[in-house]
K.L.:
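Below is a structure I'd like to ask you about.
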Number of protein chains: 2
Amino acid sequence: MVRTIDELAELSGVSRATVSRVLNNGSVSDATRQRVQAVVDRTNFRPNPAARSLASGRSGVVGVVMHIDSHLLFRDPYFSQLLQGMSDALADGSAGMMLWLGNCSKEETLDRILGIRLLDGVIVTAHDLDDPLVDGLLASRLPTVLIGHRSADRTASYVDVDHVHAADAMTTHLLETGRRRVGHITGMRGTVTGEDRLTGYRRAMHRARLAIDDLVVDGDFNEPSGAAGAAVLLDHGVDAIFCANDATAVGALRVIRERGLRVPEDVALAGFDDLDFAAHLDPPLTTVRQGVREQGAQAVSSLFQLVRDRDGAPRRVILPTELVIRQSTVGGVPRA
Amino acid sequence: MVRTIDELAELSGVSRATVSRVLNNGSVSDATRQRVQAVVDRTNFRPNPAARSLASGRSGVVGVVMHIDSHLLFRDPYFSQLLQGMSDALADGSAGMMLWLGNCSKEETLDRILGIRLLDGVIVTAHDLDDPLVDGLLASRLPTVLIGHRSADRTASYVDVDHVHAADAMTTHLLETGRRRVGHITGMRGTVTGEDRLTGYRRAMHRARLAIDDLVVDGDFNEPSGAAGAAVLLDHGVDAIFCANDATAVGALRVIRERGLRVPEDVALAGFDDLDFAAHLDPPLTTVRQGVREQGAQAVSSLFQLVRDRDGAPRRVILPTELVIRQSTVGGVPRA
DNA sequence: CGGTACGTTGGAAGCGCTTCCACTGCCGCC
DNA sequence: GGCGGCAGTGGAAGCGCTTCCAACGTACCG
């Protein structure tokens with residue numbers, strides 16, 4: 001078994017430096033490259049990452065930080081899809097992924113991440129408006145990409161979608177179907193997504209010169225809060241409910257049903273995320289598709305660029321969203 | 001900023017070798033140790049992991065492989081708790097965790113894990129009776145600990161619980177409450193846990209000289225399969241349903257309710273896992289508690305031992321389970 | 001009191017790779 | 001035809017740590 005670059009060099013009759021160049025896409029003549037590559041392939045050689053890392057200062061490992069309450073983390077498929085998007089993209093770039101979940105305090109997590117001195121960079125979910133972990137990461141020398149962002153981060157690199165715009169579009173859609181009393185069950189207050197979606201809803205309602213006094217109920221992105229919120233909104237006589245995410249909509253749907261009301265005839269219902277199950281609800285849920293996997297992939301790609309060019313400009317990526325209109329708002333297909 | 005052990009050596013007036021010993025709990029006199037440690041603390045020094053890894057051959061990073069369909073992975077809190085247990089234990093041992101999920105084929109995953117040459121060892125969930133990924137890992141030189149195990153693995157290290165015994169105990173409990181037609185909705189067939197729990201159920205029924213002809217329905221550990229299974233079993237006139245896990249029980253509970261039957265008066269219901277929500281169902285669910293977090297922690301500790309003593313005997317750990325009896329099988333507390 | 005043993009320390013040799021620098025040969029240009 | 005330049009290559013110096021080995025001093029034994 002060939003374990004070092006020196007053996008490889010001997011086998012292919014070149015110097016160790018040349019083998020290294022072949023392995024790292026350095027400048028080598030075609031003939032030499034092919035000769036060496038053939039030996040590499042034949043012996044299935046993999047360079048020692050520790051040695052490579054020591055010599056080059058890069059490790060090929062990035063950290064992924066999702067400091068989120070585990071209930072939310074694993075209840076909400078959003079995170080799993082995000083993780084998969086990143087995981088795929090990292091594998092494609094033949095980089096490893098180290099994961100930090102929210103087991104300990106944010107301060108402690110920060111300490112560990114900065115202390116490990118192994119990471120080329122980190123990707124961190126930034127959902128709270130105010131987050132010491134994110135602040136600490138940004139303040140450090142470690143290349144960092146946020147998923148979601150705080151408007152204040154003008155120098156940070158991030159990947160996000162325009163929640164305000166998307167929520168506005170959804171609300172507008174509901175209004176266009178003739179609804180007037182459109183309620184909103186918010187996401188968790190204090191989170192970027194929660195606040196932004198609320199802002200978008202408000203904007204659309206305001207533009208339509210509609211009051212929202214008793215039409216907004218606080219939720220927390222979870223099914224139970226959807227049920228509770230819907231109960232309140234139905235009492236206030238809404239004819240449509242826009243939920244801050246799909247999970248919330250599931251809870252709302254249940255309560256609407258329990259009251260003997262029909263969707264969308266009596267109450268239109270909309271969500272946000274377009275998670276897998278949204279299309280399979282009864283009726284299929286109108287929602288906003290944000291390519292979650294794609295967000296993960298994009299974050300990885302931004303981070304790679306940032307690592308390669310440490311002093312480059314921050315990478316800010318806003319991914320598009322798509323209004324996915326299904327039967328929960330427009331009836332449409334008659335049901336048997 | 002102190003970045004190397006040499007600077008540290010100079011600051012504390014000892015040789016580089018001695019500093020290294022302090023950092024690695026080598027044999028150093030108390031006086032020297034304290035002097036050096038003081039400098040380490042003051043400068044908040046962290047050794048370069050790449051250099052350490054290159055010199056010692058150990059990386060302090062372990063792989064965690066959960067090659068599972070993402071729907072299952074993130075829908076079922078079992079995995080999140082497992083992950084947390086491992087994550088905590090690894091952090092305590094100041095080791096890093098690299099995570100592999102089931103994004104690509106098992107063969108490809110195996111390739112990547114073995115190719116990375118960075119890992120001190122791996123922990124892999126072994127739920128299928130037959131799994132090329134697990135086989136490949138065990139065949140490699142990489143220290144490996146399985147969570148769950150195949151009975152054939154006599155040389156492998158693993159952490160598991162005695163599913164057969166636990167399922168037997170649960171079934172026996174149901175019989176002791178006077179039930180005679182105890183149905184079972186299995187877990188996914190072909191998985192160790194699914195088959196073992198079925199075996200335990202069979203054993204108990206057999207010991208009670210009860211036929212099980214029409215009392216077993218295949219499920220897949222998910223809520224919908226619980227609903228479907230319960231529908232069949234109720235048609236067959238059962239007076240108790242033992243579900244292969246808690247998620248399945250939730251589906252079953254819904255169907256029982258929809259038919260206007262009472263739990264436990266008409267049908268007793270039991271699950272397996274004791275996930276967080278089990279205690280909060282209505283009625284609270286009788287189930288089997290397996291310390292999932294503890295399994296994760298135990299796997300980590302076994303792996304650490306294995307890494308330290310590569311040629312040691314395989315570590316086989318069977319963790320105890322606990323029958324958690326709640327109102328879904330014994331009525332008990334009268335409800336308002 | 002000499003010798004042995006042990007606990008503690010420093011010196012030095014790597015671990016396997018990247019990368020800077022110098023060297024070689026060749027082409028093309030004036 | 002000579003020379004500057006360049007592409008391709010090898011030599012060698014580390015990257016920051018662990019760990020073997022030898023040296024030292026001290027304590028204890030005979």
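Just so it is clear, the values below take in all heavy atoms, side chains as well, and ignore hydrogens, waters and symmetry mates. Numbered from 1 within each chain, the chains take letters A, B, ... in sequence-line order.
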K.L.:
Closest heavy-atom contact between B:A95 and B:F304?
P.N.:
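For B:A95 and B:F304, the tightest heavy-atom pair comes out as CB-CZ, 3.9 Å.
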
K.L.:
Which nucleotide of DNA chain D is the first, and which the last, in the 5' to 3' direction, to come under 4.0 Å of a heavy atom belonging to chain B?
P.N.:
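Range of nucleotides within reach of chain B: D:dG16 to D:dC20.
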
K.L.:
Any pair with a residue in residues 88-136 of chain B that passes ring pair (Phe, Tyr, Trp, His ring centres under 6.0 Å), sequence neighbours left out, goes on the list, sorted by first then second residue, please.
P.N.:
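Residue pairs with at least one partner in residues 88-136 of chain B: B:Y78-B:H127, B:F79-B:H127.
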
K.L.:
Taking the axis from the first five pairs and the axis from the last five, what angle separates them in the helix from C:dC1-D:dG30 to C:dC30-D:dG1, rounded to 10 degrees?
P.N.:
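Helix axis angle between the two ends: 40°.
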
K.L.:
Kindly say whether A:R46 contributes a backbone atom to a donor-acceptor pair with the side chain of B:R117 at under 3.5 angstrom?
P.N.:
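Present.
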
K.L.:
Using a 4.0 Å heavy-atom cut-off across all strands, classify B:T4 as base, sugar-phosphate, or nothing.
P.N.:
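Sugar-phosphate contact only.
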
K.L.:
Between B:T321 and B:D162, does a side-chain contact (heavy atoms from CB on, under 4.5 Å) hold up when you go through it step by step?
P.N.:
CA-CA 8 Å; B:T321 57; B:D162 190 341; over 6 Å; no

K.L.:
Spell out protein contact along nucleotides 5-10 of chain C as letters: B when the base is contacted, S when just the sugar-phosphate is, - when no protein heavy atom is under 4.0 Å; keep the 5' to 3' order.
P.N.:
---SBB

K.L.:
Please assess B:L146 against B:L138 for the test side-chain contact (heavy atoms from CB on, under 4.5 Å), listing each intermediate value before the final yes or no.
P.N.:
CA-CA 9 Å; B:L146 314 185; B:L138 289 176; 4.2 Å; yes

K.L.:
Which pair of heavy atoms, one from A:L11 and one from A:V2, lies closest together, and at what distance?
P.N.:
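Looks like CD1-CG2, 3.9 Å.
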
K.L.:
If every non-hydrogen atom of A:M98 is compared with every non-hydrogen atom of A:L118, which pair is closest and at what distance?
P.N.:
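Minimum heavy-atom contact is SD-CD2, 3.7 Å.
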
K.L.:
Would you say A:S12's side chain and A:V14's backbone share a donor-acceptor pair under 3.5 angstrom?
P.N.:
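Such a contact is absent between A:S12 side chain and A:V14 backbone.
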
K.L.:
Taking only residues two or more places apart in sequence or in another chain, which ones pass side-chain hydrogen bond (donor to acceptor under 3.5 Å, both in side chains) with A:R58?
P.N.:
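Counting only residues at least two positions away or on another chain, A:R58 forms no side-chain hydrogen bond (donor to acceptor under 3.5 Å, both in side chains).
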
K.L.:
Looking only at the side chains, is there a donor atom on one of A:Q37 and A:D41 sitting less than 3.5 Å from an acceptor on the other?
P.N.:
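On atom types as modelled, these side chains qualify, holding a pair under 3.5 Å.
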
K.L.:
For a side-chain contact (heavy atoms from CB on, under 4.5 Å) check, start with the C-alpha distance between A:Q298 and A:R315, then their side-chain angles and the critical distance, and finish with the verdict.
P.N.:
CA-CA 10 Å; A:Q298 187 56 246; A:R315 318 266 155 189; over 6 Å; no

K.L.:
Just checking, any donor-acceptor pair under 3.5 angstrom between side chains of A:Q34 and A:D30?
P.N.:
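Absent: no donor and acceptor within the cut-off.
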
K.L.:
Got a sec? Which of residues 45-61 of chain B come in under 4.0 Å of DNA chain C, heavy atoms?
P.N.:
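Per residue number, the list reads B:L54, B:A55.
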
